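Predicted, not measured: the structure shown is a model, and the values here were computed from it. First the proteins, then the strands, lettered A, B, ... as listed; each starts at 1.
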2 protein chains.
Amino acid sequence: MATLKDVAREAGLSVGTVSRVLNNRGYISEETRQNVNRAMKKLNYQPNEMARSLSKQRSSMIGVIVPTISHPYFSKLIESMERAAHQEEYDLLLFVSQGRVDREEEYVRACISNRVAGLILCTGSVRTARLKNLGFPVVAYERLLNEADAGVECDNYEGGILAAQELIRCGCRNLLCISGIGEVSMPADVRRDGFMDACARHEGIRTQFFCCSEERITDLRYKSQLDECMDLYPDVDGVFASSDVIAAELLGVLSSRGKRVPEDVKIVGYDDVFVSELTTPDLTTIHQPVQEMARTCIDIIRRASENEAFPARTVLRVNLVRRGSTRTAQDE
Amino acid sequence: MATLKDVAREAGLSVGTVSRVLNNRGYISEETRQNVNRAMKKLNYQPNEMARSLSKQRSSMIGVIVPTISHPYFSKLIESMERAAHQEEYDLLLFVSQGRVDREEEYVRACISNRVAGLILCTGSVRTARLKNLGFPVVAYERLLNEADAGVECDNYEGGILAAQELIRCGCRNLLCISGIGEVSMPADVRRDGFMDACARHEGIRTQFFCCSEERITDLRYKSQLDECMDLYPDVDGVFASSDVIAAELLGVLSSRGKRVPEDVKIVGYDDVFVSELTTPDLTTIHQPVQEMARTCIDIIRRASENEAFPARTVLRVNLVRRGSTRTAQDE
DNA sequence: GGCTCTATGTCAATCGGTTGACATGTTTAA
DNA sequence: TTAAACATGTCAACCGATTGACATAGAGCC
């Protein structure tokens, strides 16, 4: 495997000059630059990132910890992160914690060992005291973490409002909000607040609330809980589900009870992942700007690395995507 | 950030001895080991993987290139890879190529630069000549790559047979096989062969074949193609879809045509990802042992790193999971 | 002619580990 | 008793870059 020294010899230059070309430092003539590039190509030179990171005291990798990627929301997120990272010349170190605190702490340690350029936390259970003075910036994604250096969220409150308005627009009067609540309070919790507040502003709207246990989020199986829920509230005519996956499962539960969507019950999901277009009918949902959120996370880390200023908190706009599950006669 | 030298000083030992403890080399007394561990804990020492990799000429990261992770099959795969990798003390470097050759080559270069312990290729478009003498083992996952050092697949032919048998068992006589074909020939192509061969062994079975273009696999949108397909073959009573996502979309297409599943049409999917339990009815499917396949890939890399022998080709068994989409009256 | 800018070279330290050679003791077992 | 096994130390080279100090020398300008 060719080294810088080999390239220098091949180009008839010193390592110092070649390193200057690679890192764009000091004065280099166009001729020399070409010469170096030619030599690198000829030797099929690939810089050793380990050596580079060691001397720079910082690698070009970004660590991301997520609870799962089986959930389509997180797979979409990771895909966006990967793209954004590589656009900024970073590589992505992926960690899946399954929501287990021990793993999360292990993964934070792995990030330290790898001297990552930054860490994006998409999971809330890490003991926050351990996030101080890590030597790299920590970005909290849709989590409330005081210890993080920055936070990126979408406007969950607004999302709740949009969902409520849509159901009310469709003539629903007997609303149900299904959401998951973990042990940690999360930005997503305020979706419900937005929903409830918007409902309260209208006359004659009944609202119920059902809490799906999210401890088994990695299972993606809520069906039995949703069945119980429908036993409790058999006469709802509009449901706001806090994720498209829950909404999709609800479709199955309703279908087995002979309820038709959207004729008998209207549904609004959340996230706008591919599942919402896979179901029959497809799902009206609140679109999260996942790509933009991912880009923001990466950009914060880039800025921090270059000692540029960056926002402590970024809240991005959501919007409603109307599909079959809230279609009414007059929409045709 | 504490270094090995700091730990040695704290423990009153030499760096050599501490390094021995870390790498389990030579003779170390239990007392010294404890002493070192205490010192490491006290200083909150995290070994610098960059330095370690540099001197070992090999990092403890495994690179994985996939075409997408939005597709539930790949997100399940990556989740399994991540788990298997960390169980063997590797970190995972994730690359999503979107099926673009230029990105794949860029990612292979990134793996070289990071001196990965191994590379798992879940995508077939890389120009194979570039995979020789990379300095680390390359494992082809569900791909035919002569240049790879090892291949891991599931028994796709058997999967096709199982699907055919199930549809025939349900009394279907007019079968359709929907599969995707890319430019590169892949192990998954033989699913069709298994299906067709099994059908040929039965009297009075008609078989059709429809080829879904997979160029837009990252889109996960096959609906319009499937609609055409149903125009072409309106009277099929049993369908084998080469992925659960296609099967799920087909459910929607059939529903909009007033066809009921499983009463009018029976469906068998492939993969056994969560989507198959999300639909109504849920999908009978061919289960791929993704976890075991992932573990096999990681194990091959571990063996290669330790100069142990490893199999050049591993083919894992699949099995049928019966659910609602092929349920008949007598199954009740 | 002196000054500054451009372009490159030499040299050595540094990043934080790993590893091997070699030395020096202390136990333990044959 | 004596060799082998155990336990640790010292020292230095090495992995492949980055970086800064300092030197050299030609080009362009006042």
Side-chain angles (χ1 to χ4, degrees), chain A residues 1-37 39-40 43-61 89 109-110 112-117 135-136 305, chain B residues 1-37 39-40 43-61 109-110 112-117 135-136 305-306:
Chain A
M1 194 116 296
T3 71
L4 240 206
K5 206 180 290 183
D6 299 325
V7 174
R9 193 184 314 118
E10 171 70 29
L13 295 166
S14 69
V15 281
T17 307
V18 178
S19 177
R20 271 179 196 148
V21 172
L22 280 187
N23 297 284
N24 257 313
R25 293 183 312 127
Y27 299 114
I28 317 116
S29 67
E30 191 49 34
E31 194 192 334
T32 301
R33 200 185 295 276
Q34 298 297 329
N35 189 3
V36 169
N37 287 329
M40 293 199 301
L43 298 179
N44 206 353
Y45 170 74
Q46 288 301 131
N48 186 322
E49 279 297 329
M50 300 299 115
R52 199 199 274 258
S53 304
L54 178 58
S55 85
K56 287 211 176 165
Q57 300 263 63
R58 175 99 309 129
S59 78
S60 58
M61 299 184 294
E89 313 262 66
R109 280 198 299 277
I112 298 176
S113 277
N114 282 297
R115 303 295 193 268
V116 295
F136 48 79
S305 302
Chain B
M1 195 117 297
T3 72
L4 240 205
K5 205 180 286 182
D6 299 325
V7 174
R9 191 184 314 117
E10 171 69 29
L13 295 167
S14 71
V15 281
T17 306
V18 178
S19 176
R20 269 178 195 147
V21 173
L22 279 186
N23 296 284
N24 255 314
R25 292 183 313 125
Y27 300 114
I28 317 115
S29 67
E30 190 50 36
E31 194 192 335
T32 301
R33 201 184 294 277
Q34 298 296 329
N35 188 4
V36 169
N37 286 330
M40 291 199 302
L43 298 180
N44 205 354
Y45 171 73
Q46 289 301 129
N48 185 322
E49 279 298 329
M50 299 300 115
R52 201 200 274 256
S53 304
L54 178 58
S55 84
K56 289 211 176 169
Q57 302 261 63
R58 175 99 309 131
S59 79
S60 58
M61 300 185 295
R109 280 199 299 277
I112 298 176
S113 277
N114 283 296
R115 302 296 193 266
V116 295
F136 47 80
S305 302
E306 294 167 10

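- At the phosphate of D:dC6, OP1 or OP2 sits under 4.0 Å from a side-chain N or O atom of B:Tyr27.
- If you measure from atom CZ of B:Arg58 to atom C1' of C:dT18, you get 15 Å, rounded to the nearest angstrom.
- Look at CE on B:Met50: it is 19 Å from P on D:dC15, rounded to the nearest Å.
- Rounded to whole angstrom, the span from the CG atom of A:Asn48 across to the P atom of C:dG17 amounts to 17 Å.
- To the nearest angstrom, P of C:dG16 lies 13 Å from CZ of B:Arg9.
- The two residues A:Val36 and A:Val18 come nearest to each other via the heavy atoms CG1-CG1, 4.0 Å.
- The minimum heavy-atom distance linking B:Ala11 with B:Asn35 is given by the pair O-ND2, 3.1 Å.
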Practice task
Tell me, with the steps shown, if A:Ile112 and B:Met1 meet side chain to side chain contact (heavy atoms under 4.5 Å, CB included).
Solution key: CA-CA 10 Å; A:Ile112 298 176; B:Met1 195 117 297; 4.0 Å; yes
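- At C:dT18, one or more side-chain N or O atoms of B:Asn23 fall inside 4.0 Å of OP1 or OP2 (strictly under the cut-off).
- Distances shorter than 4.0 Å separate none of the side-chain N or O atoms of B:Ser29 from OP1 or OP2 on D:dC6.
- Residue-to-nucleotide proximity on DNA chain C shows that, of B:Arg52 and B:Arg20, the 5′-proximal contact is made by B:Arg52.
- Among the nucleotides C:dG17, C:dT8, D:dT18, the one closest to any side-chain atom of A:Thr32 is C:dT8.
- Remark: C1' of C:dG16 and CZ of A:Arg115 are 8 Å apart, rounded to the nearest angstrom.
- Picking from C:dG16, C:dT18, D:dT8 the nucleotide with the shortest atom distance to the side chain of B:Leu13 gives D:dT8.
- Comparing B:Ser55 and B:Thr17 against DNA chain D, the residue whose closest nucleotide sits nearer the 5' end is B:Thr17.
- Among the protein residues, A:Ser14 comes within range of the nucleic acid bases, having at least one heavy atom under 4.0 Å from a base atom.
- Distances shorter than 4.0 Å separate some side-chain N or O of A:Gln57 from OP1 or OP2 on C:dG16.
- Rounded to whole Å, atom P of D:dT8 lies 10 Å from atom CD of B:Glu30.
- For the pair A:Arg25 and D:dT19, the criterion of a side-chain N or O lying under 4.0 Å from OP1 or OP2 is met.
- Within the 4.5 Å cutoff, the side chain of A:Arg20 has no heavy atoms near those of the A:Thr32 side chain.
- Here A:Ser19 lies in heavy-atom contact (under 4.0 Å) with a base.
- Rounded to whole Å, atom C1' of C:dG17 lies 20 Å from atom NZ of A:Lys56.
- Nearer the 5' end of DNA chain D, as judged by each residue's closest nucleotide, is the contact made by B:Val15, out of A:Pro47 and B:Val15.
- Note: CG (A:Leu43) to P (D:dG16) measures 14 Å, nearest angstrom.
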Handout entry: Test side chain to side chain contact (heavy atoms under 4.5 Å, CB included) applied to A:Gln34 and A:Glu31, step by step
Key = CA-CA 5 Å; A:Gln34 298 297 329; A:Glu31 194 192 334; 5.9 Å; no
